[in-house]
2 protein chains.
Amino acid sequence: MTSSSRRRGEIPLLLAMVYRAMTDELHEHLRTEGREPLRPAHGYTFRLLTERADVTAVDLADHLGVTKQAASKIATELETWGYLERRPHPTDGRARVLALTAKGADYVRHADELWAQLEDRWAAQIGTDRLDQLHHDLRAYVSASGGRAALRPVW
Amino acid sequence: MTSSSRRRGEIPLLLAMVYRAMTDELHEHLRTEGREPLRPAHGYTFRLLTERADVTAVDLADHLGVTKQAASKIATELETWGYLERRPHPTDGRARVLALTAKGADYVRHADELWAQLEDRWAAQIGTDRLDQLHHDLRAYVSASGGRAALRPVW
DNA sequence: GAATGTAGTCAACTAGATTGACCATTATAG
DNA sequence: CTATAATGGTCAATCTAGTTGACTACATTC
């Protein structure tokens, strides 16, 4: 009996609020650390580069749900700040591979730790089991909605 | 045993994806209905005006987490489209009250129904109990993070 | 080897916000 | 009371992160 009278259609709003609160807390933290002004799009870029090698600007554009021009600009920012490098593509002379530098990989570990701390605080409130369920249920929605879940910030 | 191996710090990403998928589905639906190009910010405006009377542009700005100029512009759009009116403020001669028109109120009901349908689809996957829990757990995070949960789209 | 497709860049434009200046009205301090 | 400060709203200029469109260089396919 956890209900406490849920209004129909309220969940999306709550999702927005929680996600927004979490990202605000993270980016506020990063700001106090004197980091470059990293935005969510940069975070999603790190994520992709961590998961896959041989990522091109076009791949990044697909992942973020933006044009290749926008993706390239984001990559250039990260390059300027020393988080990634553009390397020649092993097989395609037109393309260049986007790859994290050591600084980039360090940042990913650091950011993951910060996210994890937010999660931990939440777990302390509602319990680890519930967080596991949450994870499961969110995954269910994502896989049900097909490839729709691009990562671009919402509008 | 619902875990299926959750990576630490993965939850925020999933929240983002689900929220993004939901809003995309909603706005796609609205578009096929031939609606004006309503954005999330408009939705959050409707929500506030539904909940409170005597809302001013400054109140809206606070709610959305944007400047009063931006909030005013959003209000003007909704006014142009006939969803809201600006009325004289009962006690403050400087201020004007933002209020939904009948068309605005109709829209709110319609949008709530669409959100609810997305929820229902989710409920069909994971069950109503789980959705109730989700609601409870999201609320827990929101109330723990204080007034931080402004509704402005994330970056 | 010619035609078509694709990765990337450059440049011009757009949307949605920001900052700053300002006016009118309200609230507060002497 | 009045003088001063604070507040709601608007106008104008600017910024930012994206877009579209045109183009080059390399790849693929026939």
Side-chain angles (χ1 to χ4, degrees), chain A residues 16 20 23-24 27 31 36-45 48-49 52-81 84-99 150-155, chain B residues 16 20 23-24 27 31 36-45 48-49 52-81 84-99 150-155:
Chain A
R20 171 86 185 156
T23 52
D24 277 1
H27 287 274
R31 205 175 38 72
E36 295 87 357
L38 292 162
R39 300 186 301 277
H42 298 117
Y44 302 139
T45 302
L48 178 65
L49 298 187
R52 285 182 39 196
D54 288 20
V55 171
T56 68
V58 169
D59 293 337
L60 178 59
D62 278 357
H63 183 67
L64 297 178
V66 300
T67 59
K68 58 185 178 175
Q69 292 91 328
S72 179
K73 211 161 151 189
I74 287 167
T76 301
E77 287 175 329
L78 291 177
E79 194 179 23
T80 305
W81 296 329
L84 73 75
E85 309 177 315
R86 296 188 213 239
R87 301 183 188 152
H89 194 283
T91 63
D92 189 334
R94 296 164 301 178
R96 294 202 273 165
V97 170
L98 307 177
L151 283 169
R152 179 174 47 156
V154 186
W155 265 255
Chain B
R20 170 89 186 156
T23 51
D24 277 1
H27 287 273
R31 206 174 38 71
E36 295 86 359
L38 292 161
R39 301 186 301 276
H42 298 118
Y44 301 139
T45 302
L48 178 65
L49 299 188
R52 286 181 39 196
D54 288 20
V55 172
T56 67
V58 169
D59 293 337
L60 178 59
D62 279 358
H63 183 67
L64 297 178
V66 299
T67 59
K68 58 185 178 176
Q69 292 91 328
S72 178
K73 209 162 153 191
I74 288 167
T76 301
E77 288 175 328
L78 291 177
E79 194 180 23
T80 304
W81 297 330
L84 74 75
E85 309 177 315
R86 295 188 215 242
R87 301 181 189 154
H89 193 285
T91 64
D92 189 333
R94 295 164 302 179
R96 295 202 271 167
V97 171
L98 306 177
L151 283 168
R152 178 175 48 155
V154 185
W155 267 257

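We name chains A, B, ... by the order of the sequence lines, and we start the count at 1 in each one.
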> Among the nucleotides dG8(C), dT10(D), dT18(C), which one has an atom lying closest to any side-chain atom of Val58(A)?
Replying inline: dG8(C)
> Step by step, would you call Arg39(B) with Glu77(B) a salt bridge (Lys or Arg N to Asp or Glu O under 4.0 Å)?
Replying inline: CA-CA 11 Å; Arg39(B) 301 186 301 276; Glu77(B) 288 175 328; 3.2 Å; yes
> At what distance, to the nearest 0.5 angstrom, does CG of Asp54(B) lie from CG of Leu49(B)?
Replying inline: 11.0 Å
> Is there a side-chain contact between Val97(A) and Pro88(A), using heavy atoms and a 4.5 Å cut-off?
Replying inline: no
> DNA chain D: Ala71(A) or Ala95(B), which has the more 5' nearest nucleotide?
Replying inline: Ala95(B)
Give each protein N/O atom lying under 3.5 Å from an N/O atom of nucleotides 14-17 of chain D, with the pair distance.
residue	atom	partner	partner atom	Å
dA17(D)	OP1	Arg39(A)	NH1	2.9

>> At less than 4.0 Å, is any side-chain N or O atom of Arg96(A) found next to OP1 or OP2 of dT6(C)? Yes or no.
In response: no
> How sharply is the helix from dG1(C)-dC30(D) to dG30(C)-dC1(D) bent, taking the axes over five pairs at either end and rounding to 10 degrees?
Replying inline: 30°
Short heteroatom pairs, N/O only, protein and nucleotides 19-22 of chain C, under 3.5 Å:
residue	atom	partner	partner atom	Å
dT19(C)	O4	Gln69(B)	NE2	3.4
dG20(C)	O6	Gln69(B)	NE2	2.5

>> Using every non-hydrogen atom in the two residues, find where Thr56(B) and Ala95(B) come nearest and quote the distance to one decimal.
In response: CG2-CB, 4.1 Å
>> How long is the straight-line distance from CG of Leu98(A) back to CD of Glu85(A), given to the nearest 0.5 Å?
In response: 10.5 Å
> Which value, rounded to the nearest 0.5 Å, describes the distance between Leu38(B) atom CG and Thr45(B) atom OG1?
Replying inline: 10.0 Å
> Name the one of Lys73(B), Arg86(B), Arg87(B) that satisfies salt bridge (charged side-chain N to carboxylate O under 4.0 Å, His left out) with Glu79(B)?
Replying inline: Arg86(B)
>> Check this one for me: any side-chain N or O of Ser72(A) less than 4.0 Å away from OP1 or OP2 of dT9(C)?
In response: yes
> In whole angstroms, how far is the C1' atom of dG8(D) from the CZ atom of Arg87(B)?
Replying inline: 19 Å
>> Could you check whether any side-chain heavy atom of His27(A) comes within less than 4.5 Å of a side-chain heavy atom of Pro37(A), counting everything from C-beta outward?
In response: no
Report all side-chain donor-acceptor pairs from residues 64-71 of chain A shorter than 3.5 Å, counting only partners two or more places apart or in another chain.
residue	atom	partner	partner atom	Å
Thr67(A)	OG1	Ala70(A)	N	3.3

>> Base contacts versus sugar-phosphate-only contacts with protein, heavy atoms under 4.0 Å: please encode nucleotides 23-29 of chain C as B, S and - from 5' to 3'.
In response: -BBS---
>> Would you compute the distance between atom CG of Leu48(B) and atom CG of Asp62(B) and round it to the nearest 0.5 angstrom?
In response: 10.0 Å
Between the protein and nucleotides 1-4 of chain D, list the N/O to N/O atom pairs that are separated by less than 3.5 angstrom.
none

>> Minimum heavy-atom separation for Asp59(A) and Arg52(A), please, with both atom names.
In response: OD2-NH2, 3.3 Å
> Once you round to the nearest 0.5 Å, how far does CG of Leu78(A) lie from NE2 of His42(A)?
Replying inline: 4.5 Å
> Roughly how many Å is it from CD1 in Ile74(B) to C1' in dT18(C), rounded to a whole number?
Replying inline: 13 Å
